[in-house]
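Reviewing the structure listed below.
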Amino acid sequence: MQFKCAFGVISLCSALFLVGCNNDDSSVSQTPTVQEQKQKLQPIIIQGALPVESERMASKLENKTVETIGGWTFWKGTYNGYPMIISKTRMGMSNSAAATALAIERYKPIAIINQGTSGGHDPDLHVYDIVLGKYATNIGAFRTPKQPVGGGSNSLTWVEAFDVLPTDESDPEPIAIRKFEGDQELLVAAHKVRYDKGEVVEGTIGSADVWNNELDRIQFFHQRYGTSVEEMEAASVAQIASQLNVPFLGIRILSNNITNNGAYDPGTGEACQEYVLNVAEEYMKSKLPK
C-alpha cells in the first residue's frame, strides 16, 4: 500500500510537471519575435526625386518588388527586417505632391522622409553637410507688387509670400510665410545616426520649381525665410503629409553651394541615401513594442 501511494504521488507530480511545461511552451509561442514585430509595422516611405537620389536605397532592399503607377516608381521590401518603400517621385512640386498622395493612400505609411541633394543658401554650410528640415517652406509662392507696362520686374521686391494652405480659406489674398514643421520623433532618430562626411544641422528647406543662381536672391531667401538650402520637392510633400496626418521629415545634403564656391559633387546623392536609410531604421526601431 505504501508503494502504491508513493507511485500515485509520483504520477501526480509528473502530470503536474508536464502540464506546467506545456503551459510554458504555449506562452513562449504566443510571444512574437522581434522579426515578427518588425513585420507588423506599417512601412516607412523614403522619397528621392531622381535615380541618383533613390536607386542606391532601392538596391539595398531585401524581398523587393517594384510597382509603377503612372510615372512614379515604388520599390517595396525590407531593410534589416523593417518594411520600407523607396519612392522615386521625379522632379518638382507637382510630381512629388502626387507621388506622396498616391503613396499615403496606397501604402498607409508610418512616416515619410523626403531626401536628396540641394543647393546651399547658408555660407556657413559646405558640400556634404546635411540639413535636417526643422521646417520646409515654399519659396515659389508670391504676390508681386503692381507695375505698369514698361515698369520692368525685380524679384528682390517680391517680399509678400503667398500662403497656399491658409487657415482662413475665405481670405482672397493670404499673405504669410507658411512653414511646415518636421516631425520631432523623426528628428530625434536623425540625430542618433552617425555621419562622418560633414556636419548635420537643423534648418529650413526652401522648395520651388525654380533653380536660383542669383546670389542676391539667394541671400534674400536666407535672410527673410531663414533657408539653409533650396530644392524642388520637400515643401509640397510636407503640405500633403500634413493634411493627411502622416509624420514627415525633409533631409537634404548640400551637393553644391554657390554662396561659398562649393562645387557640385555627384557623390553627395549616395552619401545622403546611406545616411537616410539608417535614420529610417532608427525611427522604425523606436516604434517596436517596449
Side-chain angles (χ1 to χ4, degrees), residues 44-54 57 69-74 85-119 121 131-143 158 160-167 169 174-183 186-187 202-212 217-218 221 224-255 269 272-273 276 280:
I44 188 168
I45 290 177
I46 310 175
Q47 299 172 320
L50 296 169
V52 295
E53 298 169 315
S54 57
M57 294 183 296
I69 306 169
W72 301 283
T73 304
F74 302 90
I85 296 174
I86 308 304
S87 164
K88 183 166 72 69
T89 66
R90 311 187 77 171
M91 285 192 296
M93 304 287 271
S94 296
N95 270 322
S96 55
T100 301
L102 277 172
I104 291 173
E105 287 300 298
R106 197 172 188 89
Y107 305 120
K108 313 300 181 189
I110 194 171
I112 294 176
I113 298 175
N114 178 271
Q115 61 80 50
T117 58
S118 62
H121 279 196
V131 175
L132 307 178
K134 184 173 176 63
Y135 301 103
T137 188
N138 187 330
I139 59 171
F142 305 99
R143 182 176 68 177
W158 301 357
E160 293 185 326
F162 200 90
D163 183 6
V164 297
L165 198 65
T167 303
E169 293 186 300
I175 304 303
I177 295 175
R178 164 74 63 174
K179 289 190 173 183
F180 298 96
E181 192 166 0
D183 179 75
L186 283 165
L187 279 169
E202 291 187 6
T204 297
I205 299 171
S207 307
D209 285 332
V210 179
W211 186 315
N212 289 294
R217 184 71 171 152
I218 289 171
F221 286 127
R224 185 169 178 81
Y225 288 72
T227 51
S228 306
V229 293
E230 72 165 50
E231 41 79 277
M232 298 181 177
E233 292 88 26
S236 58
V237 175
Q239 180 179 325
I240 301 302
S242 70
Q243 293 180 86
L244 293 173
N245 299 312
V246 177
F248 165 82
L249 182 65
I251 299 178
R252 290 286 161 166
I253 193 167
L254 275 78
S255 59
C272 191
Q273 291 176 74
V276 171

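Here the structure is a predicted model, which means the values were calculated and not measured. These values consider heavy atoms only, across backbone and side chains, with no hydrogens, waters or symmetry-generated copies.
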- Message: Please enumerate all residues that pass side-chain hydrogen bond (donor to acceptor under 3.5 Å, both in side chains) together with S236, with sequence neighbours excluded.
- Response: S96
- Sorted by chain and residue number, the side-chain contact (heavy atoms from CB on, under 4.5 Å) partners of L50 (sequence neighbours excluded) come out as V52, E53, M91
- Note on the structure: By side-chain contact (heavy atoms from CB on, under 4.5 Å), S242 pairs with (sequence neighbours left out) L165, F180
- Query: Heavy atoms, side chains only, cut-off 4.5 Å: are P247 and I110 in contact?
  - Reply: no
- Item | D209: partners by side-chain hydrogen bond (donor to acceptor under 3.5 Å, both in side chains), with sequence neighbours left out | none
- For N212, which residues count as a side-chain contact (heavy atoms from CB on, under 4.5 Å) partner, sequence neighbours excluded? I139, V210, R217, I218, F221, E230
- Message: Do I69 and F74 make a side-chain contact, defined as non-hydrogen atoms from C-beta onward lying under 4.5 Å apart?
- Response: yes
- Task: Report yes if some heavy atom in the side chain of H121 is under 4.5 Å from a heavy atom in the side chain of S228; otherwise report no.
- Result: no
- Message: Determine whether a donor-acceptor pair (N or O, by modelled atom type, separation under 3.5 Å) exists between the side chain of R252 and the backbone of T117.
- Response: yes
- Note on the structure: side-chain contact (heavy atoms from CB on, under 4.5 Å) filter on A141, not counting sequence neighbours, yields N138, F162, V164
- Between T137 and R178, is there a donor-acceptor pair closer than 3.5 Å when you use the side chain of the first and the backbone of the second? yes
- Where the side chain of S255 meets the backbone of S118, is there a donor-acceptor pair that is under 3.5 Å apart? yes
- Query: Looking only at atom types and distance, does a side-chain atom of E202 sit under 3.5 Å from a main-chain N or O of K134, one as donor and one as acceptor?
  - Reply: no
- Find out whether L249 and Q115 are in side-chain contact, i.e. whether some heavy atom of one side chain is under 4.5 Å from a heavy atom of the other. no
